[in-house]
Amino acid sequence: MAWGFLAPALIFLGIFVFIPILYLGVLSFTGGSFTRSGVYGVGWQNYQRLFLSPDFWQVLGNTVYFTIVTVMPSLILPLLIAVGLNGPIWGRTTLRTAYFLPSVTSIVAAGLGFRWLFQTEGPVNGLLAHVGVEAISWLGSTTWAMPVLILLSIWKQLGFNMVVFLAGLQTIPLTLYEAARLDGAGAWQQFRYVTLPGLQPTLVLTAVTTTIFTLRSFEQVYVVTGGGPLNSTNLLVYYIYQQAFGMFDFGYAAAAAMVLLVATLVLIWIQLRTWQQS
């Protein structure tokens, strides 16, 4: 009976997840293009080209940097906001709605908004000019373009993670806080010894989903920077897109996608193991 109930979901996952992943693995060992010559087997050549490519290593480094710097604030800031909005404060519902709005905003619209804000003659440089700071070429600088993408990604994930943490906070019994206060625990001690342990399952879920969302980032690169300047903001998913639909090198793009898949699974496994041992 259990398999009968599971069958529809398993069939759906098989058709739209597992079979495409299997096909992706097969495609990574092929060459040619669907629009020019036929597809033919090339063995491990695509992976050899991939690991010998300086562009791939630069993109991989960009992706690692982008993921690390994005995920941590995307967990810490929503957690602090959720703790603050979980108490009886004035305008709590309005504030919750305001913080959640970025989550329902199209990433393309948000990307265009950030592109306008951080253009050379945009509002951000206008504010800096009022305090005597020279205009910064945010999107034309190899130093500042990536922080703009990171800020956009953190802003976009803030509301969703906040709602998840709020839901987790509702599951912590109030009697635990009352007992902690009776024992003389202050606000920090209550947060450290009551809130964080009670939120551990929620923290695991949020860390995993945020990592996945960050690793598969594409729209913000496509809309805001296009991978530039000098490939400094090119992330792995956008690199795969360029190779597949710009260069029509589907086998090479599939090899890069398999590397991304394996790296994501390994990173998620490390996160889960770390939480289990903590």
Side-chain angles (χ1 to χ4, degrees), residues 20-21 23-33 42-74 107-108 110-112 114-115 118 137-157 207-271:
I21 290 176
Y23 178 71
L24 182 71
V26 174
L27 188 63
S28 67
F29 293 99
T30 64
S33 170
V42 296
W44 293 92
Q45 290 183 17
N46 288 324
Y47 291 94
Q48 292 174 354
R49 288 173 52 205
L50 192 68
F51 292 122
L52 292 175
S53 170
D55 288 340
F56 169 74
W57 288 109
Q58 181 185 7
V59 169
L60 187 61
N62 293 341
T63 305
V64 171
Y65 166 65
F66 176 79
T67 302
I68 293 174
V69 180
T70 300
V71 169
M72 293 306 297
S74 296
I107 185 64
V108 175
L112 291 174
F114 268 70
R115 185 173 178 176
F118 287 94
S137 179
W138 297 97
L139 303 180
S141 168
T142 57
T143 302
W144 294 108
M146 183 65 84
V148 173
L149 292 184
I150 292 171
L151 182 62
L152 169 59
S153 300
I154 293 172
W155 177 81
K156 189 69 176 66
Q157 296 179 22
V208 170
T209 55
T210 302
T211 301
I212 294 173
F213 291 156
T214 304
L215 284 172
R216 71 179 194 181
S217 296
F218 169 79
E219 294 92 340
Q220 51 266 61
V221 180
Y222 183 83
V223 173
V224 180
T225 65
L230 300 177
N231 220 34
S232 62
T233 61
N234 199 353
L235 302 180
L236 198 48
V237 174
Y238 189 74
Y239 180 74
I240 294 168
Y241 165 80
Q242 287 179 316
Q243 299 301 316
F245 301 105
M247 307 299 295
F248 294 102
D249 196 346
F250 293 102
Y252 182 80
M258 288 301 297
V259 171
L260 175 61
L261 174 63
V262 172
T264 302
L265 293 176
V266 170
L267 187 57
I268 300 281
W269 179 81
I270 292 173
Q271 288 181 329

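This structure is a prediction, so every number in the text was calculated from the model and none was measured.
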Review point. What heavy-atom pair brings Phe66 and Ser217 nearest, and what distance separates the two atoms?
Key: CE2-OG, 3.4 Å
Exercise for review: Starting at OG1 of Thr70, measure out to CD1 of Ile154 and round the result to the nearest 0.5 Å.
Suggested key: 5.5 Å
Practice item. Could you pull out all residues at least two apart from Arg49 that satisfy salt bridge (Lys or Arg N to Asp or Glu O under 4.0 Å)? Key: Asp249
Check your understanding: How are the rings of Trp57 and Phe51 set to each other: parallel, tilted or perpendicular (split at 30° and 60°)?
Key -> tilted
**Study point:** Distance (rounded to the nearest 0.5 Å) between Tyr252 OH and Ile240 CD1
**Key:** 10.0 Å
Would you tabulate the side-chain donor-acceptor contacts of residues 140-152 under 3.5 Å, counting partners in other chains and residues two or more places apart, or write 'none'?
residue : atom : partner : partner atom : Å
Ser141  : OG   : Thr143  : N            : 3.1
Ser141  : OG   : Trp144  : N            : 3.4

Point to revise | Criterion side-chain contact (heavy atoms from CB on, under 4.5 Å) against Thr211, the qualifying member of Thr209, Thr214, Leu215, Val208 | key: Leu215
Check your understanding: Is there a donor-acceptor contact under 3.5 Å from the side chain of Ser53 to the main chain of Leu50?
Key -> no
Practice item. Look up atom CD in Gln157 and atom OG in Ser74, then write down how far apart they are to the nearest 0.5 Å. Key: 4.5 Å
Check your understanding: Which word best sums up how the rings of Tyr47 and Trp44 line up, parallel for under 30°, tilted for 30 to 60°, or perpendicular for over 60°?
Key -> tilted
Check your understanding: Could you state the interatomic distance from OG1 (Thr63) to OH (Tyr239), rounded to the nearest 0.5 Å?
Key -> 11.0 Å
Practice item. Classify the angle between the aromatic ring planes of Phe114 and Trp155 as parallel (below 30°), tilted (30 to 60°) or perpendicular (above 60°). Key: tilted
Review point. So how far is it from Ile270 CD1 to Leu265 CG, rounded to the nearest 0.5 Å?
Key: 11.0 Å
Point to revise | Taking every non-hydrogen atom, the tightest pair across Gln220 and Ser153 | key: NE2-OG, 2.8 Å
**Study point:** Gly31 backbone acceptor or donor facing Asn46 side chain under 3.5 Å
**Key:** no
Would you mind writing out the side-chain donor-acceptor pairs for residues 221-232 within the sub-3.5 Å range, not counting sequence neighbours?
residue : atom : partner : partner atom : Å
Thr225  : OG1  : Gly227  : N            : 3.3
Thr225  : OG1  : Thr233  : OG1          : 2.7
Asn231  : OD1  : Asn234  : ND2          : 2.9
Asn231  : ND2  : Gln58   : OE1          : 3.4
Ser232  : OG   : Pro229  : O            : 2.7

Check your understanding: How long is the gap from CG on Leu235 to CZ on Arg216, to the nearest 0.5 Å?
Key -> 14.0 Å
